[in-house]
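The chains referred to below are lettered A, B, ... by the order of the sequence lines, with proteins before strands, and numbering in each begins at 1.
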There are 2 protein chains.
Amino acid sequence: MSIAFGELGTKQVSDHQEKEQPRRRQARGERRIAQLLEAAASVFCTTGYTAASTNAIAREAGVSPGTLYQFFPNKEAIAIELGDRLMHEMRETYGEALATVDPATPLEEAVETAVDRFVDFNCRRPVFFALMHGPDTPGRIAEAHDALHATLVSRIETLLSGFLPDTPAADVNRIAHVCLGIYKAGLELVLAHEGAEREAYVRELKDVLLRYLAPLAHRTLTP
Amino acid sequence: MSIAFGELGTKQVSDHQEKEQPRRRQARGERRIAQLLEAAASVFCTTGYTAASTNAIAREAGVSPGTLYQFFPNKEAIAIELGDRLMHEMRETYGEALATVDPATPLEEAVETAVDRFVDFNCRRPVFFALMHGPDTPGRIAEAHDALHATLVSRIETLLSGFLPDTPAADVNRIAHVCLGIYKAGLELVLAHEGAEREAYVRELKDVLLRYLAPLAHRTLTP
DNA sequence: GGCAAACACGAGAGATCGCTCGCGTTTCTC
DNA sequence: GAGAAACGCGAGCGATCTCTCGTGTTTGCC
């Protein structure tokens, strides 16, 4: 998962013998990359992507601008690599748990665990929210965000379709989008607070979702 | 350094005896201002505040950059004037209706009319949403947004306190913030769609709020 | 030790943007 | 009609940002 230094989007040249593999990283280089990504996360969090200057990221990491460009071809690549690593970390931490939607699980439990897990991840990696929901994310990150968004929507749709077997697909899709919008708004409030207040907002977010979805759940409970 | 209008604190060094003697505008100038603000609204909507260049605004308005600066001291002043006019328009259209919170109104009706009015205004002036909830709004606009936000929160608080007489103020405040967050997220979804689909999302937004607040309303209905 | 490649530096090229300045044109006022 | 002031223009200044380049240092491998 290291950075492909090739000019354009052609990657996946890891194992096969290829003529285009110009960079052989040393341990020092890998350390610098991690250092730079950490610095970038900090700067992106405080100023956003566009306002963050590459010189500021280099300064935060304690290296020169030239060193930064030894490892990243441009500013966008920094955000992309950071986003990729965050995505990978999220999938590794919760991927399997989120992929499996057990139809037997009650709605309340599904909402509780999903919210808990996503809130937990976003609290530990605040830059994820800043990059994903930021207004000025570069094209590649926006694509990743859209992909994640679409994945979550379809996952919610399958979850909902269990409770709404005879509802038009368009309606289910709309409800899923509303759920994601609520989650996003709630997450913003949760991240804006700390300690007990944060917990209270988490509780509130769950309540909003549960009360919104309660009429749907009751349909199956009262045949 | 050589900015003619000085920094934020100091204003108008030229003649301090007069209280703000602005330029005496001609009818042509007023027309140009309206033209420039309209162009700015268009550019802000599509690119956001930071990415919008003053040259692009001037080009969109069909004038030269120098002409733009005949009427606005700097880029921020354009957004401020635009924001002020939008605020004024909003207050003139719905100000009185929103200020009065009749305790006798049922919760459902209050939510319906409030959502309808705000959605209507934001659909007619999409730049309002772009400026207010944009990530990179300049200081003065952010202040105006915070002021509006605080006003709306306290208005929701007074509305809620009628239904929750014996609830800690902190809890009421939190619920009000959640309501605003829901509204904001719903508005984003509404603005992203058109026609019948937009109407459906408006209905959904109202449902989210009503179901979230329903348990509170029932407390007074079942003493 | 010796060599090539990876790493590190920082000045600055190139581009963009906010904003200015000098000068010409239109409009108001008398 | 004449003078003043508002309006209009657009080249370009200064600041800032991304990214490069030439050069010097460190590391891996024989």
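- The side chain of Thr67(A) lies closest to dA8(C), out of dA8(C), dC19(C), dC9(D).
- Under the 4.0 Å criterion applied to side-chain N and carboxylate O atoms, Arg203(A) and Glu112(A) are assigned as salt-bridge partners.
- Comment: Arg117(B) does not engage Asp120(B) in a salt bridge, judged by the lack of any side-chain N to carboxylate O separation of less than 4.0 angstrom.
- A salt bridge does not link Glu92(A) to Arg85(A): none of the charged side-chain nitrogens sits closer than 4.0 Å to a carboxylate oxygen.
- If you check every strand for non-hydrogen atoms under 4.0 Å, Gly66(B) touches a base.
- Atom CG in Asn74(B) sits roughly 16 Å away from atom C1' in dA15(D) (whole-Å rounding).
- Between His149(B) and His133(B), the distance separating the two ring centers is not shorter than 6.0 angstrom.
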Could you walk me through whether Arg124(B) and Glu89(B) pass the salt bridge (charged side-chain N to carboxylate O under 4.0 Å, His left out) test, one step at a time? CA-CA 11 Å; Arg124(B) 286 200 344 264; Glu89(B) 181 182 345; 3.7 Å; yes
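- The listed nucleotides are dT18(D), dC7(C), dT29(C); the one nearest the side chain of Arg24(B) is dT29(C).
- Whole-Å rounding puts the Gln35(B) CD to dC7(D) C1' distance at 13 Å.
- For Tyr69(B) and dC19(C), the shortest distance from a side-chain N or O to OP1 or OP2 is below 4.0 Å.
- As a whole-Å value, the separation of Leu68(A) CG from dC19(D) C1' is 10 Å.
- Closest to the Arg28(A) side chain, of the nucleotides dA8(C), dC19(C), dG8(D), is dA8(C).
- Listed nucleotides: dT20(D), dA8(C), dC19(C). Nearest to the side chain of Asn55(B): dC19(C).
- Following rounding to the nearest Å, Ile33(B) (CD1) and dC7(D) (P) show an atom-to-atom distance of 8 Å.
- The listed nucleotides are dC7(D), dC19(C), dA8(C); the one nearest the side chain of Phe71(A) is dA8(C).
- Summarising the geometry, the separation between CD on Gln26(A) and P on dA6(C) is reported as 8 Å, rounded to the nearest angstrom.
- Across all strands shown, Ala52(A) has heavy atoms under 4.0 Å from sugar-phosphate atoms exclusively, and none from any base.
- Look at Arg25(A) and you won't find any side-chain N or O under 4.0 angstrom from OP1 or OP2 of dA6(C).
- Considering only side-chain atoms of Val63(A), the nucleotide from dC9(C), dC17(C), dG10(C) that sits closest is dC9(C).
- At whole-Å resolution of the value, CG in Leu36(B) and P in dG8(D) are 9 Å apart.
- Rounded to whole Å, the distance from CD on Gln70(A) to C1' on dT27(D) is 13 Å.
- Distances from the side chain of Ser64(A) to the nucleotides dC9(C), dT18(D), dC9(D) place dC9(C) closest.
- As rounded to whole Å, 18 Å separates atom P of dG10(D) from atom CD1 of Ile57(B).
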